[in-house]
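Chain identifiers are assigned alphabetically (A, B, ...) following the order of the sequence lines, protein sequences preceding nucleic acid strands; residue numbering begins at 1 within each chain.
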Amino acid sequence: MTMMRTHHCGQLSLSQVGDTVTLNGWVDKVRNLGGFLFLDLRDRFGLTQCVSEGESESLSNRTLQELKAESCVQIRGCVRARPQGMKNLEIATGAIEVLIQEVTVWSKADPLPFQFGQESSEQLRLKHRYLDLRDPSLRQRIVARSQLTSSLRKLLEEHDFLDLETPYLYKSTPEGAREYLIPARVSPGQFYALPQSPQLFKQMYMVGGMDRYYQLVKAFRDEDLRADRQPEFTQVDCELSFVNEVAVRQIFTDVVRRLVNGFLGRECVTDIPQMSFEEALHAYGNDKPDTRFEMLLQDCSELWRDSSFQAFSAVVAAGGVVNAIVVEGQAAHMSRKDLDALNQEALNLGAKGLAWAKCNGTELQDLQSPLKKFVDEPLWSQLQVQLGVKSGDLLLFCAGPFDLVKAVLGKIRLSLGERLGYMDPQQLKFLWVVDFPLLEQDEETGRWAARHHPFCMPQAQDLPLLRTQPEKVRACAYDLVCNGYEVAGGSIRNHDLAVQKQVFAAIGLSEEEAESKFGFLLEALRYGPPPHGGIAFGWDRFVMLMTACDAIRDVIAFPKTLSGQCLMTQSPAPVTQQELDTLGVVHRVTS
RNA sequence: GGGGGAGUAGUUAAGUUGGUUAUAACGCCGGCCUGUCACGCCGGAGGCCGCGGGUUCAAGUCCCGUCUCUCCCGCCA
């Protein structure tokens with residue numbers, strides 16, 4: 001019996017000329033020139049041009065013409081060199097073609113709901129995701145994902161990590177993200193929860209002496225979706241024993257550097273710089289700075305304190321701030337309409353407004369701005385010096401409470417960066433953000449909560465402040481940021497029972513509550529836990545950045561829409577009353 | 001929970017101030033064509049203008065509601 005396949009569609013070259021081969025794949029395109037017909041056959045590996053000269057009665061060009069795009073076929077034929085000048089340099093198999101001798105149709109395809117290589121609605125492609133996967137552009141991203149995963153596993157295993165599993169059926173831990181609940185049939189009225197992260201299990205592995213753990217694992221969060229957030233997503237979850245912050249960052253700088261450079265085939269990442277949370281917030285307005293461009297947020301509150309511009313001086317007097325960004329060389333390129341749009345964006349984000357100033361020269365008289373009448377010579381020269389303004393620059397000012405100003409200008413900076421083409425997806429700027437606050441205060445209730453999670457180790461020198469000034473306590477926590485996305489985050493954990501109890505106390509968790517929620521952790525910490533810490537990568541985001549996409553849907557084979565639907569399978573879907581009864585779930589019908 | 005954008009042939013889009021038979025490209029169907037690789041040429045079919053209501057002599061176009069997709073805010077320890 002002959003082989004079902006002797007080669008794949010990306011394989012044949014001049015060295016097989018004269019061989020009889022059998023290929024399998026999908027009909028990419030038929031070009032019938034009359035007595036002469038070309039059929040492009042495509043599989044995951046590539047595309048091979050097959051040709052028929054229509055001599056045979058049994059295999060007329062008419063028969064071949066009837067093979068519709070995306071039909072699945074087998075073609076047996078003889079490899080021959082293409083004539084001079086007919087080679088296609090764009091494809092790997094472009095030097096040869098296969099003279100068709102026999103075609104087996106495995107299955108026919110109806111006319112397609114969308115065409116490959118052309119724009120079409122994502123909705124339609126998601127409904128027929130199995131077809132979209134055949135489109136080389138999605139296929140390449142999914143293949144890239146597999147390659148990255150494979151390299152990552154090798155790198156982690158080189159660093160002595162063990163691939164270990166953790167349960168998906170866990171229990172609800174009300175803090176943090178909303179969870180997906182699963183009724184436990186054999187314990188009526190009780191529920192499992194899908195884990196938002198395997199955090200405590202990996203710590204248990206460390207207490208259990210496994211030393212280094214990793215897992216490519218799904219995590220589940222029942223929160224609203226975004227372009228970079230799916231309800232189920234893949235983490236590269238890692239944990240290490242006998243490490244401090246520096247060691248963790250060192251190891252993962254090495255892993256990321258080799259992973260990225262190996263994938264891109266160029267020295268894209270050399271080292272990964274560090275920035276404190278505080279510096280990131282001041283200069284970029286958020287904790288995940290996009291460092292592909294500058295345009296930093298600059299404080300100029302003091303310069304306005306005594307100015308005649310009430311809107312700013314009053315803000316400063318009330319303890320607020322005035323920040324500016326310098327948009328280089330854009331004075332002449334921003335129309336009134338553009339500036340109005342930016343102002344509107346600032347208003348939508350809660351600011352009182354965005355003041356602009358065009359520096360058409362270096363003198364005060366060259367200044368064009370609604371603020372001009374409030375700016376005198378001394379203020380102007382101070383602004384120029386402090387902000388580093390040059391002729392031709394556009395200045396944008398925002399005044400108000402610190403957090404608001406940072407948030408607004410941080411977002412304005414990003415939308416300007418986008419407009420001005422400063423966010424080149426081919427460029428990857430990694431950054432460690434460090435020295436995060438351990439706790440954050442709920443604005444409404446005034447209660448303190450863990451910023452990352454309640455198992456983070458506080459920085460030793462800040463520990464005495466935990467009772468007196470909890471806002472000043474920094475955590476041994478770090479995020480890996482790339483191009484404005486948080487791609488990984490982690491911390492050193494508490495292996496010291498006493499410190500863990502202090503943290504629980506600081507977030508208002510009573511001993512009883514701590515015992516009922518995390519009793520197994522507290523107990524484990526009594527039996528010789530090693531110092532340990534770890535990190536978890538948002539793998540979808542990482543792959544998205546590596547493939548220069550802007551939504552994680554683009555690198556997930558079967559993603560959900562923003563309303564959590566799978567358009568292909570139509571999930572979620574209703575269940576019968578009988579199923580609910582079996583589970584002991586009371587379903588209240590809402591009108 | 002809130003705000004913005006979108007929904008017109010199989011697909012992607014155009015559609016003016018509300019006014020004749022709703023256009024185009026690709027795809028599909030039929031015919032011709034021996035070197036194409038976005039093949040070319042000739043012809044043809046194809047429409048619940050997302051859905052429901054309203055205004056009007058007249059609605060793809062205006063108004064209200066609703067559904068779906070998308071982007072953002074809240075949210076995401």
Side-chain angles (χ1 to χ4, degrees), chain A residues 28-42 47-55 61-62 65-66 68-70 82-91 93-94 97 110-128 173-179 195-197 199-200 219-231 233 341 344-345 347-350 407-408 411 414-415 418 436 438-440 442-444 447-456 475 477 486 489 491 503 507 509 517-518 538 550-551 553 560-565 567:
Chain A
D28 192 80
K29 187 88 191 172
V30 178
R31 292 179 297 279
N32 188 356
L33 275 64
F36 206 74
L37 177 145
F38 298 101
L39 185 155
D40 289 338
L41 192 68
R42 190 201 66 244
L47 186 131
T48 301
Q49 174 169 284
C50 304
V51 62
S52 160
E53 297 183 336
E55 301 133 348
N61 283 357
R62 182 157 299 280
Q65 165 90 69
E66 278 164 17
K68 296 306 161 202
E70 297 312 314
R82 295 197 194 182
Q84 275 295 306
M86 301 302 159
K87 296 188 190 337
N88 184 345
L89 301 176
E90 311 217 330
I91 59 173
T93 60
E97 60 193 6
D110 285 348
L112 303 178
F114 58 88
Q115 286 162 261
F116 292 177
Q118 287 192 11
E119 286 291 309
S120 58
S121 79
E122 198 177 6
Q123 210 171 336
L124 204 61
R125 287 178 178 263
L126 287 173
K127 187 177 174 197
H128 304 277
T173 51
E175 285 174 51
R178 208 174 291 128
E179 295 164 318
Q196 18 181 331
S197 130
Q199 179 61 35
L200 291 178
F220 306 87
R221 293 181 188 173
D222 186 10
E223 296 290 349
D224 284 1
L225 279 59
R226 288 281 193 285
D228 65 342
R229 275 163 30 190
Q230 286 271 313
F233 60 100
Q344 189 58 51
E345 192 178 338
L347 291 174
N348 292 345
L349 293 165
V408 170
K411 278 166 185 151
L414 289 175
S415 44
E418 170 93 68
F436 281 89
L438 180 72
L439 305 172
E440 62 188 355
D442 187 302
E443 279 184 22
E444 284 172 18
R447 285 190 52 178
W448 290 95
R451 188 188 164 87
H452 187 50
H453 57 58
F455 319 109
C456 282
E486 181 198 329
S491 64
V503 173
I507 61 172
L509 201 65
K517 285 180 185 170
F518 309 117
D550 45 22
R553 284 189 301 276
K560 302 208 170 25
T561 67
L562 287 192
S563 57
Q565 315 279 315
L567 296 179

Starting from the 5' end of RNA chain B, give me the residue, A:L567 or A:P454, whose nearest nucleotide shows up first. A:L567
Do any side-chain nitrogens or oxygens of A:S120 fall under 4.0 Å of OP1 or OP2 in B:U12? no
May I ask you to decide if the ring planes of A:F518 and A:F455 are parallel, tilted or perpendicular, using 30° and 60° as cut-offs? perpendicular
Find which nucleotide of RNA chain B each of A:Q65 and A:Q199 is nearest to by heavy atoms, and output the residue with the more 5' nucleotide. A:Q65
If I take atom CZ in residue A:R178 and atom P in nucleotide B:C76, what distance separates them, rounded to the nearest angstrom? 8 Å
Suppose you measure atom P in B:G60 against the same atom in B:U21; what distance do you get, rounded to whole Å? 12 Å
N or O in side chain of A:R226 less than 4.0 angstrom from B:C73 OP1/OP2: yes
How many angstroms lie between NZ in A:K517 and OG1 in A:T173, if you round to the nearest 0.5 Å? 8.0 Å
Length of the line joining A:K560:NZ and B:U70:C1', which is rounded to integer Å: 18 Å
Run the salt-bridge test on A:K68 and A:D110 with the 4.0 Å N-O cut-off and return the result as yes or no. no
P atoms of B:C76 and B:U8, separation to the nearest Å: 36 Å
State the CG-CG distance between A:L225 and A:L562, to the nearest 0.5 angstrom. 6.0 Å
Rounded distance in Å - CD (A:Q123) to C1' (B:C71): 15 Å
Just how far, in rounded Å, is C1' of B:C72 from CG of A:D550? 14 Å
Output yes when a side-chain donor or acceptor of A:N61 lies under 3.5 Å from a complementary backbone atom of A:G35, and no otherwise. yes
Can you give me the N/O atom pairs linking the protein to nucleotides 3-10 of chain B at distances under 3.5 Å, or say none if there are none?
from, atom 1, to, atom 2, distance (Å)
B:G10, N2, A:Q115, OE1, 3.3

A:D224 CG to B:C71 P: how many Å, rounded? 13 Å
Test: A:E70 and A:R42 ion pair at under 4.0 Å: yes
Determine the Euclidean distance between corresponding P atoms of B:U16 and B:G7; express it in Å to zero decimal places. 13 Å
With sugar-phosphate taken as primed atoms, P, OP1 and OP2 and all else as base, the protein-contact string of nucleotides 34-39 of chain B at under 4.0 Å (heavy atoms; B, S, -) is BBBB-B
For a quick check of understanding: with a heavy-atom distance under 4.0 Å over all strands, which category does A:A450 fall into, base, sugar-phosphate or nothing? sugar-phosphate
OP1, OP2 of B:U11 versus side-chain N and O of A:K127: anything below 4.0 Å? no
SB check A:R553 A:E122 (cutoff 4.0 Å): yes
My understanding is that only residues two or more places apart in sequence, or in another chain, count here; which of them pass side-chain contact (heavy atoms from CB on, under 4.5 Å) with A:R178? A:D222, A:E223
At under 4.0 Å between heavy atoms, what does A:A69 touch on the DNA or RNA strands: base, sugar-phosphate, or nothing? nothing
Would the A:F220 and A:F233 ring centres measure less than 6.0 Å apart? no
Between P of B:C72 and CD of A:E223, the distance in whole Å: 16 Å
Would you tell me if any nitrogen or oxygen in the side chain of A:R62 comes within less than 4.0 Å of OP1 or OP2 on B:C32? yes
In whole angstrom, give the distance that lies between atom CD of A:E70 and atom P of B:C28. 12 Å
Over 60° means perpendicular and under 30° means parallel, so classify the ring planes of A:F36 and A:F38, tilted if in between. perpendicular
Could you tell me the separation between the CD atom of A:Q344 and the C1' atom of B:C73, rounded to a whole number of Å? 14 Å
Pairing partner (Watson-Crick or G-U wobble, both distances under 3.5 angstrom) of B:C75: none
Using Watson-Crick or G-U wobble geometry with both distances under 3.5 Å, which nucleotide pairs with B:G7? B:C67
Under 4.0 Å between a side-chain N or O of A:R553 and OP1 or OP2 of B:C71? yes
Return no unless some side-chain N or O of A:S563 is found under 4.0 Å from OP1 or OP2 of B:U68. no
Base-pairing mate for B:C28 - Watson-Crick or G-U, with both contacts under 3.5 Å: B:G44
